[in-house]
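Okay, so here's the structure we're looking at.
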Protein chains: 2
Amino acid sequence: MDTRERLIESARELLWERGYVGTSPKAVQQRSGAGQGSMYHHFRGKPDLALAAITRTADDLRGRAEAELSAPGSPIQRITTYLRREREALRGCPVGRLTQDPDVMADPTLRAPIEETFAWLRKRLTDVLAEAQRQGELDGELDLADTAAAFVAVLQGGYVLARAAGDAGAYTQAVDGVLGLLSGHVR
Amino acid sequence: MDTRERLIESARELLWERGYVGTSPKAVQQRSGAGQGSMYHHFRGKPDLALAAITRTADDLRGRAEAELSAPGSPIQRITTYLRREREALRGCPVGRLTQDPDVMADPTLRAPIEETFAWLRKRLTDVLAEAQRQGELDGELDLADTAAAFVAVLQGGYVLARAAGDAGAYTQAVDGVLGLLSGHVR
DNA sequence: GTCTATAAGCTGATAGAC
DNA sequence: GTCTATCAGCTTATAGAC
């Protein structure tokens with residue numbers, strides 16, 4: 001891994017652990033083993049490096065979701081697989097957490113990949129739910145966009161509960177809870 | 001409002017807007033109009049002031065939830081009222097957001113009120129759901145603790161969606177989504 | 001109680017040598 | 001490409017006068 005790459009990966013880790021406000025260029029340099037001048041050679045500054053890190057993290061998240069949501073299986077099975085996937089609940093969501101960062105939200109460039117990721121995810125889940133409805137796997141009572149928003153919200157809120165409780169089980173409980181609610185509308 | 005009080009209220013606002021890591025004693029002093037020495041007279045330092053602010057914010061949240069959950073009306077009505085209550089979705093949850101703050105989570109004293117608030121809320125919702133089940137308002141298929149966790153998670157995740165989208169409507173959609181799912185189990 | 005002075009270390013860079 | 005030097009301003013206090 002070259003220096004530029006190590007800088008991006010270190011920035012991704014620190015943004016996940018400490019957010020944008022809590023991550024200093026110096027901390028990134030130390031974790032990556034790069035010097036001061038080296039970082040400013042590869043990136044214009046903190047926002048530029050953060051953008052590279054955030055973009056990669058967002059692409060990653062999207063890639064993994066797409067793999068599960070387009071896998072073989074019935075629509076509801078695919079959604080269940082996606083929701084139940086093992087996540088490091090106590091670390092929080094590397095994309096969702098940036099939503100709480102005032103300096104990220106204030107910068108349209110940094111904010112864009114986050115906005116796009118969630119817009120894409122909600123749309124993708126809405127589409128899979130529509131598939132389920134067409135195939136008769138899901139009843140016709142649900143508003144699909146609302147349901148998709150609820151699913152994404154349960155994941156994001158599950159991270160909050162897990163961190164608050166200091167227990168990854170809280171995340172699993174929230175997911176189980178929404179799947180239990182879904183069961184009244186399936187088949 | 002005396003100086004001590006203004007310091008606490010300013011700290012609450014800044015913790016909500018910028019989190020613990022993003023809030024400096026200087027910023028609190030400027031917002032409150034108190035001087036350097038004044039702040040350190042009333043509080044031992046940043047963690048001590050933050051604890052006063054967080055405790056008050058947590059008590060507030062709990063008080064408002066209790067008022068709605070113990071109001072007149074059927075259990076499901078009360079839960080619906082609680083979930084649908086007007087919230088400033090774009091500002092995020094003043095308690096939940098602290099969950100993302102590494103320095104808060106690393107300090108057991110600062111962390112305690114957050115952990116307690118969510119534990120209390122989940123328990124309280126579980127109890128109201130149990131009431132609903134006893135009264136036949138809710139079917140017997142749901143795991144109540146899981147369902148309660150899902151409700152709290154939808155609220156917390158709803159804030160994330162709203163901030164990501166830059167639109168408070170995303171929060172409302174998530175709440176509507178989970179209430180739609182709940183409808184399959186009511187009555 | 002509130003004020004000013006002081007301080008060691010961090011923040012987010014820029015400049016220029018190697 | 002990487003390194004060291006430098007910098008103005010912020011961070012989180014402590015000390016002591018008023």
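For the numbers below, each heavy atom of this structure counts, side chains included, while hydrogens, waters and symmetry mates do not.
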Interatomic distance, B:Gln29 CD vs C:dG1 C1' [rounded to whole Å]: 14 Å
Show me the donor-acceptor pairs, under 3.5 Å and distance only, between side chains in residues 94-105 of chain B and residues at least two apart or in other chains.
unit_1	atom_1	unit_2	atom_2	d
B:Arg97	NH1	A:Gln100	O	3.1
B:Arg97	NH1	B:Trp16	O	3.3
B:Arg97	NH1	B:Glu17	O	3.4
B:Arg97	NH2	A:Gln100	O	3.0
B:Asp101	OD1	B:Val21	N	3.3
B:Asp101	OD2	B:Tyr20	N	2.6
B:Asp103	OD1	A:Arg18	NH1	3.2

Nucleotides 13-18 of chain D: protein proximity per nucleotide (B base, S sugar-phosphate only, - neither; heavy atom, under 4.0 Å): BB----
Considering just the side-chain nitrogens and oxygens of [X], establish if one lies under 4.0 Å of OP1 or OP2 belonging to [N].
{"X": "B:Ser38", "N": "C:dG1", "answer": "no"}
{"X": "B:Lys26", "N": "D:dC10", "answer": "yes"}
{"X": "A:Thr3", "N": "D:dG1", "answer": "no"}
{"X": "A:Ser24", "N": "C:dT11", "answer": "yes"}
{"X": "A:His42", "N": "D:dT2", "answer": "yes"}

Closest heavy-atom contact between B:Arg122 and B:Ala149? NE-CB, 4.2 Å
Close residues, residues 48-55 of chain A, relative to DNA chain D [heavy-atom separation under 4.0 Å]: none
Any side-chain to backbone donor/acceptor pair from A:His185 onto B:Leu181? Under 3.5 Å, distance only. yes
Contacts of B:Arg56 meeting side chain to side chain donor-acceptor pair (under 3.5 Å) (sequence neighbours excluded), chain-then-number -> B:Glu5, B:Glu9
Would you mind listing every ring pair (Phe, Tyr, Trp, His ring centres under 6.0 Å) that reaches into residues 142-163 of chain A, with sequence neighbours excluded? A:Tyr159-A:Tyr171
So if you build clusters from Ile, Leu, Val, Met, Phe, Trp, Tyr with side-chain heavy-atom gaps below 4.5 Å, do B:Val175 and B:Leu69 land together? yes
If you link ILVMFWY side chains whenever their heavy atoms are less than 4.5 Å apart, which other residues fall into the same cluster as A:Ile8? By chain and number, please. A:Leu7, A:Leu14, A:Val28, A:Met39, A:Tyr40, A:Phe43, A:Leu49
